[in-house]
Every structure is written in structure tokens, then in C-alpha cells.
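See structure below.
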Amino acid sequence: MGNALRLVGFGPTGWGGTLLEGAAMTLALSVCAYLLGLAIGALCAWGRLSGGRAVRAMIDVYTTVLRGVPDLLVIYLFYFGGGQMIGAIAHLFGATGFFGLNGFMVGTIAIGLVTGAYQTEVLRGGYLAIPRGEIEAARAIGMGRLLMLRRIIAPRALRFALPGMGNVWQQVLKESALVSVTGLAELMRQVNVASGSTQLPFDFTIAGFALYLALTTVSGGVFMGVERRVAHGERMARKQRA
Amino acid sequence: MAVASGEQGVTSGSATEAAKPVVIEAIGVEKKFGANKVLRGVSLAAREGEVVSIVGASGSGKSTLLRCFPLLEIPDAGDVAIAGEVLALVERGGRRLPRDIGQVQRVRSELGFVFQSFNLWPHRTVLGNVVEAPVHVQKRPRAECVAEAEALLEKVGLADKRDAWPAQLSGGQQQRAAIARALAMRPKALLFDEPTSALDPELVGEVLRVIRGLAEEGRTMLIVTHEMSFAAEVSTRAVFLDAGIVGEEGPPEQIFRHPQTDRCRAFVSRHLARG
């Protein structure tokens, strides 16, 4: 047991630093993928709400496909499929050998695309939950589309979308573990490597548990905090009535 | 409650009104929803300082007509004009659309619209609701808007609710805040769409008092309402809307006491009997 503690810990022979670096990589990958997914989701939600028939159909196909296949397959598609394509193109120009892609980039794009599909529905739902009268009041007082989006629609949609956005964030954090198949040195990968090298899979799996749980709990708390802030007015009113 | 009662009470003599300019006007407005023809050619004008009440049975098109002025509904035929300026509409793909959305937005900002369901923005405080459009639509200096908003909240009796959230207010307070929000735009005319219909009976009075105060200031107003005795008391002219057309129009004494048409008489006796 003392040996295990030394190995999981931060001493010269310990894996603690490596695991923390892995956790930092997981966090960085998740943040990038989440932001990409958020951007895709916002664009697609806007397209679904106000686009023409062709735009709406395209977005429908995107959300249906990306939500309907395993995420691991999407990562394979980009990592191995993408490598194969680039390899084939390179062969045309006389190059040989295997072309590996950057795992961080592939992971960001794959998870961003998958969660963008979920985020589309979350954000669209947030918009649709805004009572129409609030938007009508903004129109009636002379607001233009952009001003209304910035001052009324975005903050109100956010208030309704935040719980769903928090879910998507947790999903991204956990899915980032799948990117370990590309060899990217994120937390899951480091847990695997450490388990294999030390022959202590139980101890390192538990360490991985703890680190993922720390990441999800802390970031979940951040989302809760933002949620409370955004719903401030209603919370005050509830308190008053109670 | 501190409702400013203007000294220059409204003179309802038609001779003085005829000289004043028309502030808001509907010209042959038609509107149908699906197969349901709600408005079948309504013309109506309010001159400066007039308080025009619009009454009629449910489904007679009162609210739809009112919503046509700021183009919250776009008339299928006919036009609306604010201060003599017609809001230009064009046919496009079988639909009528504003020709210049900039013009529509500007004119909307010159009208104050008060909704049946208040429609305050819940993510802003009462003061935030009132200064929102003066600051961001009219782009007036914030300090000036805040000072004016505080005076308006005082006027509608909500000075102490300045920093409250809409969800903390009663319906009557919310509607008074919504009136302050409309007034903050220094509107050329105020449009009230059944402003007390969503309120508990005991809260109706406080809102009507505020509206009465505004009428006494000589503001130009169109009021769609079911409060017949209130309409009889504050308006300078009344319009009875009947199945999408103007059924009868005249001074409130005529419409509410001595209607000339059978249908108006039937409507009024049905409603005044209740009140």
C-alpha cells in the first residue's frame, strides 16, 4: 500500500504530476471542444429558427446523424479516416508512409461536432421557452433585430438553456476520454499508461475516478453559479414569497 | 399614489380638436387570420390630445386593430400613419411586408404600447425595464434616462420599487411599471390593449387611476378596454367595433348613453348592466 501511494503521489518516482498534466489536457480539450460545439450549436439553432427550408433540412440531417452514431466512430472517422485521406492525397504527390493527425485537433473537431448537434437543440429550446410577449414588447418599443438579440433574446434564452448547457458540458468532459484512442496524453490515456507501467490498475483507475469527479464537480458548480446569477430576479421573488 | 393630474384638462369640444393635427390614423385597414376576416376596412384617427376608447365584443377586432398601428400585425389591405407619416408596405411573394424596417422601428419607438399581459423583461429590474429602450434604442445619455425614469416611476406610484424585479411585483404594479416603460420613450401616442383584463379585480383601480391621470394631461391615447364606465368617463371619443367594422363612433355620451344603432345599444346595455 505504501508503494502504491508513492507511485500515485508526486515524488520523483510518482505518477501524480503526469496524471495532473493529463487532467489539464482533458480540461483544455474539453473547453476547446465545448466552445466549438457552442458556436456550431448557436449557428444551427439560429438556422433552424429563421433559415429557409434547405438550411433547416441540412441542419436536421446534421443533428440526426451526429446524435445517432457512436462518438467513438466520429473520432475514428476524423483520426484514421482523415489520416488515410491525407495519406492518399500525399501519395498522389509522391510521398509515402503513414500520416498521423494531431489528436488534440481531431478530438476538438470530433467532439465539437457531436456536441454541437446536442447544443443546437438545447439553444433552440432556450429560445422557444422565452414568453412571446417579452419579444413582442421589445419589437413594439422599436428594437432592431441585433439589439433585441443582445439585450433580450440572448440573456433570456441563456436562462432557459443553461441547465441543458451544463449537461452538454459534463458530456464533453466525459467524451474527451474517448480521444485517448488517438494517443493524446489526456487523463484517460495517462491513467492507462500508468496502470500498465506500474501493474497497479486498481490504484490508478481510482485516481482517474477522483480526478474526473473533481473536474465535473467543480465545473458543475460553476454552471450552477452562473445559473443562479442569470435567474437572479426570479430567485429574489421566490425568496420573497417564501 | 402619486398620479400627476394635469391642469390642462381635456376639452372635448369637437371644434378645438378639429384644429389639432392627426397623430395616429388607420386607413381602410383589413386583416384576416386564415379564413377569419377580423378587420374588414376600418378607418380611425386620433387627433392630438384625444382619448379614443375602442369597445366591442370579443372577436370584434379591437386588439388586432390596435396591434396594426405599430405593425405588430401587418394589415392585408389599408395603411396606418403616425403623425401623417404612412408606414410603407410592399407586396413580396404574396405577403405584405414593411418596405423599410428602419422606418417601422423608428415609428414604433415613437408610440407607447401597453399590453394586456404587461410583458416586462424579467431579467431587468423595474428601473432597468424603464431605461432599456431610451438608452439603447434612442441612445440618450444614461444619467438623463435614469433621472427621467425615476420621475416616471414616482408618477405611477412605484418610486420605492425602482430596484425590484418584475417577478416581485403584483400584476397592478407590473402594469404600472409597463406604463412607465412606455412613457419613457416620450411617445406621440399611447396605445392600451386591454390594460386591466389580466388583473385581479382589486388591482384594476390602481392602473385605471394612472391611465386617467395621463388622459388628464392631454396625452393622445387609444384605449381598447372592457371597462365601459371607465371608458365613458375618460375618453373624448368612443368607437364601437362590430365584426371588423366601425359600428358606431361618437362622443362617449352618445356611445355609452344614447347609442344610435341597434347593435351598439345591445352591446352597451349588455355590458353596462354588468358593471
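Quick note on labels: first sequence line is chain A, next is B, and so on, each numbered from 1. Remember, predicted model here, so these are calculated numbers, not experimental data.
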Give the table of side-chain donor-acceptor pairs shorter than 3.5 Å for residues 89-98 of chain B, with sequence neighbours excluded, one pair per line with atom names and distance.
| residue | atom | partner | partner atom | Å |
| --- | --- | --- | --- | --- |
| B:R96 | NH1 | B:P75 | O | 2.9 |
| B:R96 | NH1 | B:G78 | O | 2.9 |
| B:R96 | NH2 | B:G78 | O | 3.2 |

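Heavy-atom distances place the side chain of B:E132, and not its backbone, under 4.5 Å from chain A. For B:R181, the parts lying under 4.5 angstrom from a heavy atom of chain A are both the backbone and the side chain. A:R145 touches chain B through its backbone: at least one of N, CA, C or O sits under 4.5 Å from a heavy atom, while the side chain does not. For A:I141, the parts lying under 4.5 angstrom from a heavy atom of chain B are both the backbone and the side chain. Contact of A:A231 with chain B is not made at all, since no heavy-atom distance falls under 4.5 Å.
A donor-acceptor contact closer than 3.5 angstrom links the side chains of B:Q103 and B:E85. In the model, B:D193 has a side-chain atom that pairs as donor or acceptor with a side-chain atom of B:S63 under 3.5 Å.
Interface summary for chain A: among B:Q116, B:E110, B:M185, B:H136, the most heavy-atom pairs under 4.5 angstrom belong to B:H136. Highest contact tally toward chain B, considering only A:R159, A:R151, A:R150, A:R132, is held by A:R151 [criterion: heavy-atom pairs under 4.5 Å].
Between B:E148 and B:R186 there is a salt bridge, since at least one side-chain N of the basic residue sits less than 4.0 Å from a carboxylate O of the acidic one.
Partners of B:Q174 by side-chain contact (heavy atoms from CB on, under 4.5 Å), not counting sequence neighbours, listed by chain and number: B:F118, B:L120, B:L169.
Atom OH of residue A:Y62 and atom CG of residue A:L113 lie 5.0 Å apart, to the nearest 0.5 angstrom.
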